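Let me begin by presenting the structure, written as C-alpha cells, before commenting on it.
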There are 2 protein chains.
Amino acid sequence: MLNKNDVIPLYVQLKRILRSQILNGVFKEMDLLPSETQLMKEYQITRTTIRKAIAELNKEGLVQQVHGKGTYVRLRETKDTVWNFQSFSDLARRHNQKPITKVLEKETYSKDGDHFLKLVRLRGLKSEETTTWMTIDTSHLPLKIFPNLEANNFSSTSLYELMRETYNIHPHYTNLNIEPMMSTPLICDRLELQEEQPLLRSSGIVLTESNVEIERIEIIYSPNFKFKLSQYIHS
Amino acid sequence: MLNKNDVIPLYVQLKRILRSQILNGVFKEMDLLPSETQLMKEYQITRTTIRKAIAELNKEGLVQQVHGKGTYVRLRETKDTVWNFQSFSDLARRHNQKPITKVLEKETYSKDGDHFLKLVRLRGLKSEETTTWMTIDTSHLPLKIFPNLEANNFSSTSLYELMRETYNIHPHYTNLNIEPMMSTPLICDRLELQEEQPLLRSSGIVLTESNVEIERIEIIYSPNFKFKLSQYIHS
DNA sequence: TAGTGGTCTAGACCACGGT
DNA sequence: CCGTGGTCTAGACCACTAG
C-alpha cells in the first residue's frame with residue numbers, strides 16, 4: 001500500500017489512495033471513512049500522518065470531519081461547483097453524470113518563433129438523454145514542451161492525464177482572473193443559449209511545481225455552471 | 001502571551017497574535033517571521049502547534065513558507081484580491097490605502113413577523129486624492145439577534161467588529177453564489193461607471209460557528225475589483 | 001461508557017538554502 | 001557547515017456523540 005522509502009510523503013500517498021477510493025465509489029456519499037484509529041492499524045503509520053492526509057481532503061471538500069462522529073464522504077457538497085474545472089471528470093462523477101467533450105478548434109500556430117497548439121473544447125455533462133453544456137475551454141499549449149501533442153484526439157482523452165502520463169509533466173498550480181463578459185452570437189450558438197446575457201469568464205496560466213508555464217487558458221462558463229463559494233472568516 | 005488554560009486552542013491564539021502583528025506592521029512585507037525554533041522558545045510551545053498556526057496563515061495567503069529559508073510575510077500577494085470582502089479594512093491595508101464606506105440606505109422592515117435592518121453601503125479605497133469605489137454591499141440583519149443595531153452609524157464602524165464586540169457574535173462562515181449581471185443605471189450612478197457593462201455579483205448568507213444565520217448579503221463588484229484566483233491542482 | 005475526532009508534547013531525521 | 005522548514009513517530013489528554 002504505502003511505500004515508506006518513496007520520496008513522496010506518506011500523507012500524500014495516503015491522500016491519493018483515499019481520494020481515488022472515494023471517486024471510484026469504494027466509499028459512497030455520506031459513508032463514514034474508516035476511523036483514524038482503524039487507518040493507523042491498516043497502514044501502520046501514526047495518527048498525525050493520517051490526520052494530515054484527511055485534513056487536505058477536507059480542504060478540497062471531498063470529506064467532512066465531524067467531532068465525535070467520524071469523517072464523512074462528501075461528493076455533492078457545497079464546494080463541488082467551485083473552480084475545479086481542472087478535474088472536469090471528477091466534477092461529472094460527483095454529479096453522477098458523464099463528462100462530454102467536443103473539440104471545436106484544433107490548430108497549430110507560431111508566435112515569436114515558438115510553436116503552439118490552440119485547442120477549443122466544448123465541455124458538458126450527460127445524464128441519460130440530456131446533455132448540459134458547461135464551459136468553452138480555450139487552451140494554448142507550447143509544442144516545445146509537448147511535442148506532437150496535436151496528433152491527439154482530445155474528445156476522449158483528458159488533457160491533463162495526457163500531460164502526466166505521456167509527457168510526465170504535472171500541472172500543479174493555476175493563476176486565474178475572473179471577469180464578467182457579454183455573450184457573443186458565437187458563444188450563444190456554442191453553448192445553446194437562447195439570448196445574449198452576461199457570463200463569467202476566467203483566464204490565466206497553469207504552472208508546474210517548478211513554475212514552468214505549460215498552458216494559457218480561457219474558460220467561458222455557461223449559466224448552467226453554478227459558482228458557489230464557501231469560506232471561513234478569519235478573525 | 002498565550003493562555004494554556006483557555007478554551008481557545010493555542011494555535012488559534014498564536015495565529016491571532018501573528019496575524020495582528022503582520023497587519024499592524026510589526027512585520028513588514030518580505031520580512032521573515034521568527035523561525036519556528038525561535039517561536040518555540042518565545043511562546044514555550046512545541047513546533048507542531050506553531051506549524052499549525054503558521055500553516056493556517058499560509059492558507060490565508062498572509063505568509064509564505066519557504067523550505068530552507070524561512071517564513072515570509074506576504075501582504076500584497078496574489079490572493080489579496082480574492083473573496084475577502086469580509087475584511088475590507090485588511091484589504092485596504094494590504095493596498096496601502098484607507099477604506100471608505102458611504103451609507104446609501106438604512107431602514108428597518110418587517111417580514112413574517114420578524115424585524116430586520118436593511119443596510120446598503122458603498123465601499124471603496126482612498127489613496128491621497130483619489131477614491132476608487134469597489135463594491136455595493138447590501139446586508140439584511142435580523143434585529144432579533146442584533147437589537148438596536150439600527151442606532152449605529154456604519155460609515156465609521158466595521159459591521160463585523162460591531163457584531164463581535166457589541167453583540168459577542170462571531171461571523172464564522174459564508175456561503176455565496178457568484179453570478180454575472182448587467183449593470184443598471186442606479187448601479188452605474190453609484191459606482192461612477194460611464195457605461196452599462198457586465199458586472200460580478202455575489203449573494204448568500206453569513207453564519208456563526210453554530211450555524212446560526214446572522215446576515216444575508218449581496219455584493220456588487222465594480223470592475224475596479226479584480227478577482228484573482230490561485231489554486232493548486234489536486235492529483 | 002466506548003469510540004470518534006481535536007489538540008498538544010517531546011522528541012527524531014530529512015531536504016533545502018546559503019556561508 | 002548551520003539554520004531553516006518538511007515529515008514522522010509514539011505517545012497523552014480532552015471534547016463531542018451516541019447507545
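Since the structure is predicted, the reported quantities are computational estimates derived from the model, not experimental observations. Scope of the values below: all heavy atoms of this structure, side chains included, with no hydrogens, waters or symmetry mates. So that the names make sense, note that chain A is the first sequence line, chain B the second, and so on, each numbered from 1.
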What is the distance, rounded to the nearest whole Å, between atom CG of B/L57 and atom P of D/dG5?
-> 13 Å
Please give the nucleotide sitting opposite D/dG3 as a Watson-Crick or G-U wobble pair, both distances under 3.5 Å, or none.
-> C/dC16
Hey, mind stepping through A/Y173 and A/T208 against side chain to side chain donor-acceptor pair (under 3.5 Å) and telling me if it holds?
-> CA-CA 6 Å; A/Y173 192 71; A/T208 64; over 6 Å; no
Figure out the CG/P separation between B/L32 and C/dG17, and round it to whole Å.
-> 14 Å
Mark yes when over 12 heavy atoms from residues, nucleotides or ligands other than B/E209 sit less than 6.0 Å from its CD; otherwise mark no.
-> no
A/D6 side chain vs A/N3 backbone, donor-acceptor pair below 3.5 Å | no
Full working for side-chain contact (heavy atoms from CB on, under 4.5 Å) between A/E60 and A/K15 | CA-CA 11 Å; A/E60 291 177 27; A/K15 187 172 64 160; 4.3 Å; yes
Sequence-aligned protein contact record of nucleotides 5-10 of chain C, with B where the base is within under 4.0 Å of a protein heavy atom and S where only the sugar-phosphate is = BBBSBB
is_close_aromatic(B/Y109, B/H140), centroid dist under 6.0 Å | yes
Length of the OH-P vector between B/Y72 and C/dG17, whole Å | 11 Å
Do A/L207 and A/V212 pass the side-chain contact (heavy atoms from CB on, under 4.5 Å) test, and can you show the C-alpha distance, the side-chain angles, and the key distance before you say yes or no?
-> CA-CA 5 Å; A/L207 307 170; A/V212 177; over 6 Å; no
